[in-house]
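Letters A, B, ... are given to chains in the order of the sequence lines, protein chains preceding strands, and every chain is numbered from 1.
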Number of protein chains: 2
Amino acid sequence: MDMAWDDLRTVLALVRHGSLAGAGGALGVNYTTVARRIRRAEDVLGLALFERLADGYTPTEMAHMIAEHAAQMEQAEDALMRRMKGAETQLSGPLVITASQLLIANFLTPVLDQFTTRYPAVELRILATNDLLDLSRREADLAVRISRTPGDELTGLRLLSQDTASFASPDWAARIAQDPHAMIDWVVYDATPDVPKGISPDYPSTQVRFRFDDMVALIGAAQAGLGVLRMPMFLGRTISGLEQVPVLPPRSYSDIWVVGHPDVWPSAKARAFREVLVAHCKANRALFVA
Amino acid sequence: MDMAWDDLRTVLALVRHGSLAGAGGALGVNYTTVARRIRRAEDVLGLALFERLADGYTPTEMAHMIAEHAAQMEQAEDALMRRMKGAETQLSGPLVITASQLLIANFLTPVLDQFTTRYPAVELRILATNDLLDLSRREADLAVRISRTPGDELTGLRLLSQDTASFASPDWAARIAQDPHAMIDWVVYDATPDVPKGISPDYPSTQVRFRFDDMVALIGAAQAGLGVLRMPMFLGRTISGLEQVPVLPPRSYSDIWVVGHPDVWPSAKARAFREVLVAHCKANRALFVA
DNA sequence: ATCCATACATGCGTTTTCGCACGAGACAGA
DNA sequence: TCTGTCTCGTGCGAAAACGCATGTATGGAT
């Protein structure tokens with residue numbers, strides 16, 4: 001008659017992940033434990049929640065209903081954990097930050113250095129990913145993002161304005177300077193598969209040579225001399241083996257923000273991190289604009 | 001870092017009940033288990049949730065915050081359990097009905113008899129109380145109530161219209177018939193402490209003799225000849241030792257409803273019970289009106 | 001056809017959790 | 001003052017839950 005809440009949570013995990021092992025991984029328990037909890041839940045309810053198939057557990061309609069409500073319970077738990085984190089006043093324990101690989105590797109490392117020096121008791125964890133993590137689900141406490149992600153109910157602080165420009169390897173730069181009318185190859189990002197708009201009329205001949213789905217690979221291609229690349233100013237200036245070329249005049253691009261969930265925002269650790277971050281941004285503002 | 005959901009539920013129970021034993025009783029576990037779970041939760045969070053005082057555990061602000069969110073989780077669980085109950089199609093297992101003591105004792109017993117005869121596999125449980133149980137929290141599946149309780153988001157079915165009238169012991173009835181102008185004593189309910197409105201002008205002298213806080217006691221007083229009592233028609237007619245007296249002409253009173261939560265309403269057992277109930281009400285409609 | 005990866009079932013030994021029994025301290029009523 | 005009742009803490013043995021290791025079935029790639 002009465003269900004254990006942890007069993008509801010287990011049903012949710014299994015519905016989400018489709019296999020005992022996946023659910024167990026998400027819950028931090030052995031997969032046999034997941035199997036046992038599911039069996040217990042089915043015994044208590046007196047009905048089957050999953051069909052045992054060769055390729056995993058397939059949820060029944062009833063399991064979906066349970067998962068739906070367990071997800072609501074999870075939301076309440078997330079909100080609780082966020083609020084508890086937001087109420088923390090001590091400068092110790094875990095703090096999770098996320099930003100894109102390139103932002104971290106090419107601009108944020110001094111912030112991390114300063115922060116861990118000033119607050120050695122804080123266990124700082126960095127999630128370097130381009131995925132937009134869900135701060136409501138506590139995947140991270142703070143995120144440094146290009147443009148404040150709308151839709152989410154997040155608090156944000158604008159850190160920097162930035163421009164983009166065109167960059168290329170030194171030999172490409174020399175070639176372009178020598179003959180502006182020669183054909184100029186571009187390497188571009190999959191998401192924006194055409195030659196950038198706003199190319200100066202002084203360089204009339206352009207073509208796309210490669211499309212990449214990954215920015216790191218794209219930079220490697222530009223360094224190797226495969227073509228010209230449009231990228232944020234700070235990246236082109238920071239990364240070795242690239243020079244700015246005048247093909248694409250600098251243009252304003254999306255701002256850089258630090259965002260967080262309003263529940264977590266006021267915590268001492270988040271506040272301290274923002275302080276170090278803002279100082280570093282102020283000191284290096286010129287790096288980002290033409 | 002990660003909290004067990006059952007521990008959150010335990011914190012909620014302890015905040016609600018104030019003592020380990022009370023919380024344990026509500027959860028169906030030994031009170032030492034409650035103490036252990038609380039200690040574990042505090043260890044995981046690294047902060048105190050309760051102050052240990054001589055007269056019980058006093059929740060800290062943080063415990064109240066946890067309880068607040070755990071209550072939301074409980075609501076989601078309640079909704080789930082209701083929906084699962086509503087989806088049940090078999091005519092076996094538990095079914096919980098609530099109604100006032102007097103309604104059960106004096107009118108509903110044949111319904112219970114017929115129902116258990118027709119559906120012997122159903123474990124019928126009766127909560128005979130005047131308290132308005134919370135059907136959203138699954139304290140009962142169906143309730144037979146005088147007037148459909150508004151405010152609640154309940155589904156209802158009108159069963160009967162009813163009148164009230166005045167009743168008294170046989171000797172009081174004889175006295176009133178003999179001398180309408182003599183002083184007539186009333187016994188009344190605390191909630192309506194005055195002599196009922198609408199007394200016939202043929203009986204000009206009335207006074208309140210006793211006030212009671214309990215309807216069963218009130219009926220006993222009327223039977224013992226302590227005075228005249230206004231009561232629902234069906235009660236006066238059903239209970240022995242009382243006769244209707246013409247002091248108070250019959251007047252329309254609140255209807256009788258069967259109500260339930262819309263989630264639970266469509267379940268086979270609830271449907272079957274209503275069927276038997278409605279038939280019995282239809283057959284005895286005349287008992288309720290003048 | 002063979003090999004490998006994935007997914008689950010089962011049995012065993014260990015760890016954790018739980019309920020019970022006993023004792024201490026506070027408080028109210030006789 | 002004594003007694004009964006309420007509260008909680010602690011120690012012990014039983015019960016439940018858990019992780020690990022092993023075995024089986026299925027499907028895809030070589």
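Once rounded to the nearest 0.5 Å, the distance linking CG of Asp185(A) with CG of Leu229(A) reads 13.0 Å.
In this structure, Asp43(A) places its CG atom 13 Å from P of dA16(D), rounding to the nearest Å. Taking atom CZ on Arg36(B) and atom C1' on dC12(D), their separation rounds to 11 Å, with Å as the unit. For the pair Tyr57(A) OH and dA25(D) C1', the computed distance is 14 Å after rounding to whole Å. Separating the CG atom of Asp6(B) from the P atom of dC18(D) is a distance of 11 Å, rounded to the nearest angstrom. Regarding Arg39(B), its CZ atom lies at a distance of 11 Å from the C1' atom of dT10(D), rounded to whole Å. Look at CZ on Arg37(A): it is 9 Å from C1' on dC18(D), rounded to the nearest Å. Across the protein-nucleic acid pair, Arg40(A) atom CZ and dA16(D) atom P stand 11 Å apart, rounded to whole Å. Counting to the nearest Å, the P atom of dA17(D) and the CD1 atom of Ile38(A) are 14 Å from each other.
Between Asp6(B) and Arg37(A) no salt bridge is recorded (no basic side-chain N to carboxylate O distance below 4.0 Å). A salt bridge links Lys85(B) and Asp141(B); the closest N-O separation between the charged side-chain nitrogens and carboxylate oxygens is under 4.0 Å.
Ring geometry for Phe210(B) against Phe212(B) counts as perpendicular: the plane angle is over 60°, on a 0 to 90° scale with 30° as the lower cut.
Annotation for Val11(B) and Ala63(B): closest pair CG1-O, 4.1 Å, computed over non-hydrogen atoms.
Evaluation of the ring pair (Phe, Tyr, Trp, His ring centres under 6.0 Å) test over residues 24-77 of chain B, restricted to residues two or more places apart or in two chains, returns Phe50(B)-Tyr57(B).
In this structure, the side chain of Glu139(A) engages the main chain of Asp134(A) through a donor-acceptor pair within 3.5 Å. Side-chain N or O atoms of Glu42(B) include one that pairs as donor or acceptor with a backbone N or O of Leu49(B) at under 3.5 Å. Under a 3.5 Å cut-off, the side chain of Arg82(B) and the backbone N or O of Arg138(B) do not form any donor-acceptor pair.
Annotation: proximity of residues 20-34 of chain A to DNA chain C (heavy atom, distance under 4.0 Å) is found for Leu20(A), Ala21(A), Tyr31(A), Thr32(A), numbered in ascending order.
If you walk DNA chain C from 5' to 3' and mark each nucleotide with an atom closer than 4.0 Å to a heavy atom of chain B, the marks span dT17(C) to dA26(C).
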